[in-house]
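First comes the structure, then the notes that go with it.
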Amino acid sequence: MAMNVSSACFSVLSCKKPNRIRAVASEDFATTAALKTDTEDKLKLGGSELKVPRLGIGAWSWGDTSYWNNFQWDDQKLKAAKAAFNGSLDCGITFFDTAEVYGSPLALGAENSETLLGRFIKERENDNPGEEVVVATKFAALPWRFGRQSVISALKDSLNRLGLSSVDLYQLHWPGIWGNEGYIDGLGDAVEQGLVKAVGVSNYSEKRLRDAYERLKKRGIPLASNQVNYSLIYRLPEQNGVKAACDELGVTLIAYSPIAQGALTGKYKPENPPSGPRGRIYTPEFLTKLQPLLIRIKEIGGNYGKTPTQVVLNWLIAQENVVPIPGAKNAAQAKEFVGALGWRLSNEEVDELRSLASEISPVTGFPVEKL
């Protein structure tokens with residue numbers, strides 16, 4: 001969308017904007033300048049002209065009651081999500097990823113994530129006109145949706161919920177049971193109609209990725225991205241050819257669940273597993289096996305003054321051609337994520353962490369990856 005000026009971070013801890021600060025020590029200016037440079041170090045998504053920060057924010061949890069938020073959405077969580085949005089922008093993280101199915105109306109008490117993001121953008125723009133916000137959303141390949149026009153119709157519904165005339169990145173959320181060629185054609189139509197700047201796919205295998213790339217290429221449209229489950233303890237994209245294909249074709253890999261839904265933050269222990277559906281994935285048994293890796297992550301982070309969360313995000317960024325999009329439920333999480341930028345693990349540390357993680361059997365990812 002058309003908002004153009006990046007937010008600056010004027011404190012590593014608070015990421016406040018310049019008009020809220022009267023005096024800052026000279027050493028803070030150096031830190032601030034470095035952080036601002038880090039967040040403004042952008043990359044193009046694939047062969048498109050769309051530029052994004054090296055880290056974005058996922059909005060899967062916003063409004064959701066089927067997987068996140070202990071099955072309940074309330075005013076307190078709404079305020080926290082809005083603070084996460086504002087905190088991200090205050091720190092220069094301008095890239096937000098949502099989807100039409102996040103906060104599905106089929107879930108009791110849910111509020112649509114696209115609607116929330118659109119509301120946050122509008123309210124923010126009142127105080128910060130011209131500020132850049134890069135919006136990505138996704139088309140749900142539901143069995144009753146057929147052909148290219150279904151993509152355009154769904155996109156227009158998403159635009160209505162977002163309150164925008166166009167989005168920056170539109171993605172196919174998962175491969176359909178049938179009709180994928182029509183869906184890809186719909187992405188191309190969306191570009192040609194000026195409804196999107198760039199298009200991508202999500203949860204696509206190597207073969208499906210190559211097919212989509214070639215079909216769009218015939219129309220002179222680049223496939224910008226493939227969004228897949230990718231983290232230090234879930235490296236299927238490295239093993240099934242997806243990461244190598246993305247690198248070969250110049251398609252950016254967007255990594256969802258990059259901190260393994262909190263399992264890599266060190267927050268959860270065998271005696272304190274995550275609640276809700278995540279507790280059935282990251283079980284006490286799995287968390288027990290994870291402890292040696294978490295201990296080493298914390299040790300490495302200590303050498304840099306970084307948290308485990310920042311270390312594992314930096315590990316992904318070090319893979320090159322990867323943009324992680326951790327989910328932020330509140331401002332503190334959003335501001336912590338920014339600390340993954342502006343430094344780099346050594347090659348030896350990257351390899352050591354991969355080696356340690358290889359000793360742990362990965363949890364099951366999103367089932368459609370196998371389609």
Side-chain angles (χ1 to χ4, degrees), residues 55 57-58 60-61 64-72 97 102 107 174 202-203 205 227-243 253-302 306-319 322 324-330 332-333 336-337 339-340 345 349-371:
L55 183 146
I57 297 295
W60 179 11
S61 69
D64 179 71
T65 60
S66 61
Y67 191 86
W68 300 97
N69 303 308
N70 293 319
F71 308 108
Q72 183 179 13
D97 178 82
Y102 294 167
W174 58 81
S202 180
N203 297 299
S205 66
Q227 184 179 144
V228 295
N229 188 348
Y230 187 28
S231 72
L232 178 58
I233 58 171
Y234 190 81
R235 300 180 310 286
L236 184 63
E238 297 178 357
Q239 299 154 4
N240 63 9
V242 166
K243 175 65 166 66
L253 191 155
I254 299 176
Y256 71 78
S257 295
I259 55 177
Q261 300 179 13
L264 284 171
T265 66
K267 175 181 178 181
Y268 301 111
K269 301 289 192 295
E271 64 275 14
N272 177 39
S275 60
R278 287 181 298 156
R280 295 194 292 271
I281 300 172
Y282 303 102
T283 62
E285 293 77 13
F286 180 83
L287 292 172
T288 298
K289 296 176 182 177
L290 194 60
Q291 292 312 299
L293 175 62
L294 292 177
I295 290 171
R296 184 57 182 141
I297 290 171
K298 186 175 181 180
E299 290 173 350
I300 291 174
K306 298 295 180 179
T307 68
T309 297
Q310 293 163 345
V311 170
V312 297
L313 289 172
N314 189 270
W315 185 89
L316 277 174
I317 294 169
Q319 307 310 309
V322 175
I325 51 167
K329 292 183 180 180
N330 53 58
Q333 290 178 348
E336 181 182 14
F337 297 155
L345 292 165
E349 289 164 337
V350 168
D351 292 341
E352 179 189 2
L353 290 177
R354 178 182 281 106
S355 178
L356 287 172
S358 297
E359 299 175 9
I360 304 166
S361 298
V363 296
T364 302
F366 198 32
V368 297
E369 293 172 337
K370 305 292 171 85
L371 289 176

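Atom set for the values below is all heavy atoms of this structure, side chains included, hydrogens, waters and symmetry mates excluded.
- Across every non-hydrogen atom of Ser231 and Pro258, the tightest pair is CB-O, 3.4 Å.
- Residues Asn229 and Leu236 fail the side-chain proximity criterion, which asks for heavy atoms closer than 4.5 Å.
- Qualifying side-chain contact (heavy atoms from CB on, under 4.5 Å) partners for Asn330, counting only residues two or more places apart in sequence or in other chains: Ala80, Ala332, Gln333.
- Between Gln291 and Pro270, some side-chain heavy-atom pair lies under the 4.5 Å cut-off.
- Leu232 is not listed as a side-chain neighbour of Leu316, based on a closest heavy-atom distance of 4.5 Å or more.
- Every residue two or more places apart in sequence or in another chain that forms a side-chain contact (heavy atoms from CB on, under 4.5 Å) with Pro274 is listed here: Tyr268, Arg278, Tyr282, Leu287.
- Between the Ser358 side chain and the Arg354 main chain, a donor and an acceptor come within less than 3.5 Å of each other.
- Taking CG of Leu293 as the start and CG of Leu264 as the end, the distance is 6.5 Å to the nearest 0.5 Å.
- Interatomic distance, NZ of Lys269 versus CG of Leu294, reported as 7.5 Å (0.5 Å rounding).
- Leu356 contributes atom CG, which lies 11.0 Å from atom CG of Leu290 (distance to the nearest 0.5 angstrom).
- The shortest non-hydrogen separation linking Ala340 to Asn314 is O-ND2, 3.0 Å.
- Side-chain contact check for Leu55 versus Pro326: some heavy-atom pair is nearer than 4.5 Å.
- The shortest non-hydrogen separation linking Pro273 to Pro284 is CG-CG, 4.3 Å.
- Side-chain atoms of Tyr256 and Asn203, non-hydrogen and from C-beta on, do get closer than 4.5 Å to each other.
- Between Asp97 and Tyr102 there is a side-chain heavy-atom pair separated by less than 4.5 Å.
- Distance check: Ile297 CD1 to Gln310 CD gives 12.5 Å after rounding to the nearest 0.5 Å.
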Pair Ile360-Phe286, side chain to side chain contact (heavy atoms under 4.5 Å, CB included): steps then yes or no: CA-CA 8 Å; Ile360 304 166; Phe286 180 83; 3.7 Å; yes
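- By the 4.5 Å heavy-atom criterion applied to side chains, Ile295 and Lys298 are not counted as neighbours.
- Minimum heavy-atom separation, Gln227 to Ile325: OE1-CD1, 3.4 Å.
- A donor-acceptor pair under 3.5 Å links the side-chain atoms of Lys306 to the main chain of Gly339, judged by distance alone.
- In this structure, the side chain of Lys243 engages the main chain of Gln319 through a donor-acceptor pair within 3.5 Å.
- A distance of 4.5 Å separates CD in Gln261 from CH2 in Trp60, rounded to the nearest 0.5 Å.
- In plain terms, the two heavy atoms of Thr265 and Ile259 that are nearest each other are CG2-CD1, 3.9 Å.
- Put simply, the side chain of Glu336 reaches to within 4.5 Å of the side chain of Thr307, judged on heavy atoms.
- Residues passing the salt bridge (Lys or Arg N to Asp or Glu O under 4.0 Å) test with Arg235, sequence neighbours excluded: Glu238.
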